[in-house]
Amino acid sequence: MPPSAVWESGEVPEASADADALLAGLNPQQHEAVTHTGSPLLVVAGAGSGKTKVLTHRIAYALATGRARADQVIAITFTNKAAAEMRERVRSLVGPQANRMWVSTFHSACVRILRREYRDVPIRSTFSVYDMQDAQRLMALTCKRLNLDPKQFNPKLFSRRVSDFKNELITPADAAAQARTDFEKKIAEAYRLYNDALQQAHAMDFDDLIMRTVQLLQNNPQVARTYRRRFRHVLVDEYQDTNHAQYMLVRALVGADDDDAGVPPAELTVVGDSDQSIYAFRGATIRNIEEFEKDYPDAHTVVLEQNYRSTQNILSAANAVISANAGRRAKRLWTDSGDGAKVIGYAADSEHDEARFIASEIDSLATENVKPGDVAIFYRTNAQSRALEEIFIRTGLPYRVVGGTRFYERKEIKDALAYLRAIANPDDSVSIRRIFNTPRRGLGDKAEATVAAYAHDHDISFGAAIAAAVDGDIPGLAPRTMNALRDFHATLNEVREFATDASPAEILDAVLDRSGYVATLRASDDPQDESRVENLAELHAVAAEFRETQPDGDLGDFLERVALVADSDSIPDDDAGQITLMTVHTAKGLEFPVVFASGMEDGTFPHARSIDDASQLAEERRLAYVALTRARERLYLTRAAVRSAWGMPQQLPPSRFLAAIPEEVVDWRREVAGAEAFRSTSETSSRLSFGSGYRPKTSDTRRVQRAGAVRATEKDEETIPSLEAGVRVLHDSYGLGTVLEVTGQGWRAVASVDFGDGAVKKLMLRYAPLTKLDV
DNA sequence: TCTATGTCTACTAAT
DNA sequence: TAGACATAGA
C-alpha cells in the first residue's frame, strides 16, 4: 500500500503517486521488467526470483501510469490457483478495478470466448467439455465403429495421438494427407470420425478448446478484431509450458501476424523459465521461450537470477542438478540470505523404511517449531503416496494428498456430472450413454446398441435417437425396454424443464432424486456406496457455494467451472496444519519451508521410461530442479534401495541426480542402505556409494530389476489342500462333492468338483472354502 | 439383463 | 495390488 504522505501533496496526480510506490523494494532487474514499455517483453525468471511480484506490479504499474485500463488487460496462467492468486495480488495493489481484467487459465479463457462467439464457431453455447476420460471413451466407441481390433489399435494410443495433432493445430484433413503407413492412415480416419462425433454431441475435448479458439480468431477477422481492440495488454505466465496451439493463440490475441492497420499489436509480456519446463508430454515446447526473440524481433529480455526463497545450500544442489542439461541458457540462481542448513540425505531399505524415516524426521522437527503445515513431500508418481499414507495413518500425523484419485474423477461424481451435462446438452452422447443404464433400469448392451445403430444410420445424436425410440420410430425394441426408455426420457425432460429456473444445486438434487441414483446407493450394502453418498453431498456443497460466489451462474457456467478445475487448485491455503503430499508436477509454482523429495532412485526418478532418451532425461532433470527449488529452509533427499511395484519388489540404484550434487552441501544420515551394505561384501563395495564417480547405467538398472523380481505370495502354498481325482470334499456353500480333476499346482491349483445334480464347479484351491474328507 | 467370479493388465506427469 | 474387463450362470 502506498504511504499516505504521497496523497498530501495534492499536486501529484493520483496515478503517479501510486506508481512510485509500486517500484519500491524492487531489485534493478525487477524494476526494469515492471517499467519496460513498448516492445514485447520476455522475463526469464529463475525459481523463486519474484516472478509473480513482477507480473502483478507490472500490471498495476501500467494501470497507475495511465498506460492501460483494467479491462484492456488479459493475464493467462496454467492453473486456476495461479490465476486466483494473481487476481488477488493485483487487487491488493489496485483495488476493485482488478475485477475488470481477464485473469484466467488458457482453457477457461478459451471457453469464455467460445461460449460468447458460439455462432461463429459454430457450436451450441452450452457445449460440453470432455475430460481425458470422456475423450478416451468416445475414441473407444469410434474405434469400435471402425471395427478396429483394440489389441492392434489401442484406443488410448489413438486418443493420445489425436491430442498431439490438436496441440500442433493439425486438422483431420492434414493428418490424412501426411499419413504414410497404414497405421497412420487408421489414426487419421479415427481422428476424423472422432471429431465428427464430438461435433454431433456439441462437445469439445481439452485440446479443442485451444485449437478451435485459434481457428475462430484466424477464420473470423471481425471476431479477432473485437478481441484485439479489447485486449491491449497480454501477459502470459509459465510461457515455457506453452504448446504450439497456445503459442498461436497468444499470437492471434496479440495480433502479431495481422497486417490490419486498424489495430496495432497489443503489448505482450511473457514470463517463464526454460529450466522449469516439465510438460513436454502434453505438447509443450521450450522452443517457444527460447526463440521468443526471433518470433518477436524487437523483443526485450530481462533475466531474474536473484532468489528470494531458498538458502544457498539448496540452490547449490539445484544448480548442480540442472547444470548437467546441455544447451541451456546459462543461468545461476543466487541468494544473499546465507547457506542455511545442509541438505539431508537418507538411503532407506524399502519404501516403508523411507516413509518411517520421513515420519520420524517430521516428528522431531516439531521440537524446532516446524509444523506439519510447513512440510511437503514430493514424489514422481502418484502410486508412491501409499507407503507414506500408511505411516501417517499409523503415527497419527495429519496429512493431505493433493491429486491422485481426484474428486472429479470419482465414479459417482462423474455420473452426477454426466446427468447434469445431459440436462444442459441433450446431444451429449458420451454423457447420456454413461448414465443410460446407471442406475440399472433394464437398458443393457442390446438396447444401447440398437439405439446407437439407429442414431448412426439417421445421422442424429444418441439423445435424439432416444426421443425417436420413445415416439415408436425404432423397431425391434421389447416392450420392457420401451418402458425403460420412456421413463429415462421422461426423467431427463422433467429435470430439463425444472432446470430452466433452478440453481445448479437444485438441479443436481432433482436429477439424483428423480433418477433414483441416490436411492440405489442408499439401498446398497456395499460400504463403498456410503462414502459415495457423502461425496455427492460434497458436490452439492460445491454447487451451492458456486451459486453464492456467482449468483447469476447457470448450469452451463457451473459445468464449465468444474470441467476445468485442476489438482493444484485444491491445495490448502497456507496453514491448514497438514503435511502436503503431491507429485512434483503438482508442486510447480509452490513453496514450502520443509521439503522431502522422495524416491530418488534411477527408475523412479528419473522414471524408467525416460532413462534411455536424452530429451526425456533432460525433462526429468528439470523436474528434479523444480522439486529442489520448492524448498525454503530445509531440503531432504530420500531414496529406497528396494521398492515394490505391482506387488513385485525391485532393487533400484540411487538416482543419478544425487550423484550430481556436491558432497559439501549434503549431510548423509545414511548413505548406503542396509541391504546394499550386505550385498557389497560379495560385490565391489565402492559401486554403491556416490560421490565416488559411480553412475548407474541403464543396463545395470535393468539387470538389477530383473534379479530383484521375486513373487511374494508363496507362504500360502502350505495351506492349500492337496487333492486328487476321486477324493470327497466338503464345500462351505455347495456341500458335499467329489473331485473330478485337478489342474495346476500349489498356488495355481484348480479343482473340478461334482456336487451332484450335475453341478460341476471349477474352484481355485487357494480361495475355495473346501475341506478334504478322510475315508 | 444382471451379478458374481475370475482373469488380465497396468503406473509416468495433467489442463 | 487394484481396477477394468470377460464370461458364465441365474
Side-chain angles (χ1 to χ4, degrees), chain A residues 76-83 104-111 129-133 135-136 140 150-151 154 156 160 163 166-167 205-210 238 241-243 245-246 277-284 378-387 402-406 408-409 411 437 439-448 478 480-481 484 526 528 563-569 582-588 599 603-611 616 619-620 622-623 626-627 643-650 712-713 733 748 750 759-764 766-768:
Chain A
I76 306 176
T77 63
F78 272 83
T79 66
N80 295 303
K81 173 110 177 159
S104 68
T105 66
F106 270 103
H107 292 84
S108 38
C110 286
V111 170
V129 177
Y130 285 177
D131 66 14
M132 208 179 61
Q133 264 183 49
Q136 282 180 3
K151 289 210 174 75
N154 183 317
K156 259 192 196 155
R160 264 212 352 247
S163 171
K166 291 184 176 180
N167 287 333
D205 59 29
F206 277 160
D207 306 309
D208 274 338
L209 297 177
I210 314 287
E238 308 278 15
D241 286 330
T242 51
N243 59 36
Q246 290 160 335
S277 166
I278 55 173
Y279 284 109
F281 69 90
R282 65 180 199 214
F378 303 153
Y379 35 77
R380 178 66 234 276
T381 65
N382 280 307
Q384 288 166 250
S385 71
R386 184 186 278 176
V402 180
T405 8
R406 283 163 284 190
Y408 289 100
E409 278 174 18
K411 182 186 177 306
N437 197 30
R440 300 260 131 88
R441 52 172 70 89
L443 295 172
D445 292 347
K446 201 168 160 221
E448 186 181 345
R480 214 173 35 169
T481 308
D526 183 342
Q528 266 199 339
L564 299 171
V565 289
D567 277 358
S568 46
D569 300 335
M582 64 184 127
T583 66
V584 183
H585 281 89
T586 311
K588 190 163 85 148
T604 306
F605 197 2
H607 194 274
R609 288 169 71 156
S610 304
I611 266 174
Q616 288 189 57
E619 177 145 322
E620 295 282 323
R622 292 193 292 270
L623 194 53
V626 168
R643 185 177 294 280
S644 294
W646 310 298
M648 304 258 251
Q650 299 186 323
T713 34
S733 44
R748 313 200 128 239
V750 176
V760 178
K761 304 279 180 201
K762 287 202 167 188
L763 303 163
M764 290 283 281
R766 171 158 51 113
Y767 294 124

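A note on names: the letters A, B, ... follow the listed sequences, proteins ahead of strands, and every chain is numbered from 1. The figures that follow rest on heavy atoms only: side chains count, while hydrogens, waters and symmetry mates do not.
You'll find that the side chain of Arg440(A) is closest to dC2(B), out of dC2(B), dA13(B), dT15(B).
Gln133(A) has its CD atom 12 Å from the C1' atom of dG3(C), to the nearest Å. Taking atom CZ on Phe206(A) and atom C1' on dA14(B), their separation rounds to 9 Å, with Å as the unit. Summarising the geometry, the separation between CD on Gln136(A) and P on dC5(C) is reported as 11 Å, rounded to the nearest angstrom. Remark: C1' of dA13(B) and CZ of Arg622(A) are 13 Å apart, rounded to the nearest angstrom. Atom pair Tyr408(A):OH and dA14(B):C1' shows a separation of 16 Å (rounding to whole Å applied). The interatomic distance linking Glu448(A) (CD) with dC2(B) (P) rounds to 11 Å, in whole Å. To the nearest angstrom, C1' of dA13(B) lies 14 Å from CZ of Phe378(A). Rounded to an integer number of Å, the gap from Phe605(A) CZ to dA13(B) P is 12 Å.
Ring pair His585(A)/Phe281(A) is perpendicular by interplanar angle, where above 60° counts as perpendicular and below 30° as parallel.
Note that the CG atom of Leu623(A) and the OH atom of Tyr279(A) stand 9.0 Å from one another [nearest 0.5 Å].
In this structure, the aromatic ring of Tyr279(A) is not positioned over the six-membered ring of the base of dA13(B) within 5.5 Å between centres and 30° between planes.
When every heavy atom of Arg282(A) is checked against every heavy atom of Asn243(A), the shortest pair comes out as O-ND2, 3.7 Å. Across every non-hydrogen atom of Phe605(A) and Val584(A), the tightest pair is CE2-CG2, 4.0 Å. Taking every heavy atom of both residues into account, Ala484(A) and Leu443(A) meet most closely at CB-CD2, 3.7 Å.
Formation of a donor-acceptor pair under 3.5 Å by the Gln616(A) side chain with backbone atoms of Ile611(A) is not found in this model.
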Hey, what are the protein-to-nucleotides 10-12 of chain B N/O distances that come in under 3.5 Å?
| from | atom 1 | to | atom 2 | distance (Å) |
| --- | --- | --- | --- | --- |
| dT12(B) | OP1 | Arg609(A) | NH1 | 2.1 |
| dT12(B) | OP2 | Arg609(A) | NH1 | 3.1 |
| dT12(B) | O2 | Arg380(A) | NH1 | 2.7 |
| dT12(B) | O2 | Arg380(A) | NH2 | 2.0 |
| dT12(B) | O4 | Gln616(A) | OE1 | 3.3 |

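Close to dC2(B), at under 4.0 Å from its OP1 or OP2, lies a side-chain N or O of Asn437(A). Side-chain N/O atoms of Ser108(A) include none lying less than 4.0 angstrom from OP1 or OP2 on dT15(B).
Taking atom C1' in both dC11(B) and dA6(C), the straight-line distance is 23 Å, to the nearest Å.
Classification of Lys166(A) and Asp205(A) as a salt-bridged pair holds, one side-chain N sitting under 4.0 Å from a carboxylate O.
A residue-by-residue look at Phe106(A) and Gly444(A) shows that Gly444(A) has its nearest nucleotide of DNA chain B further toward the 5' end.
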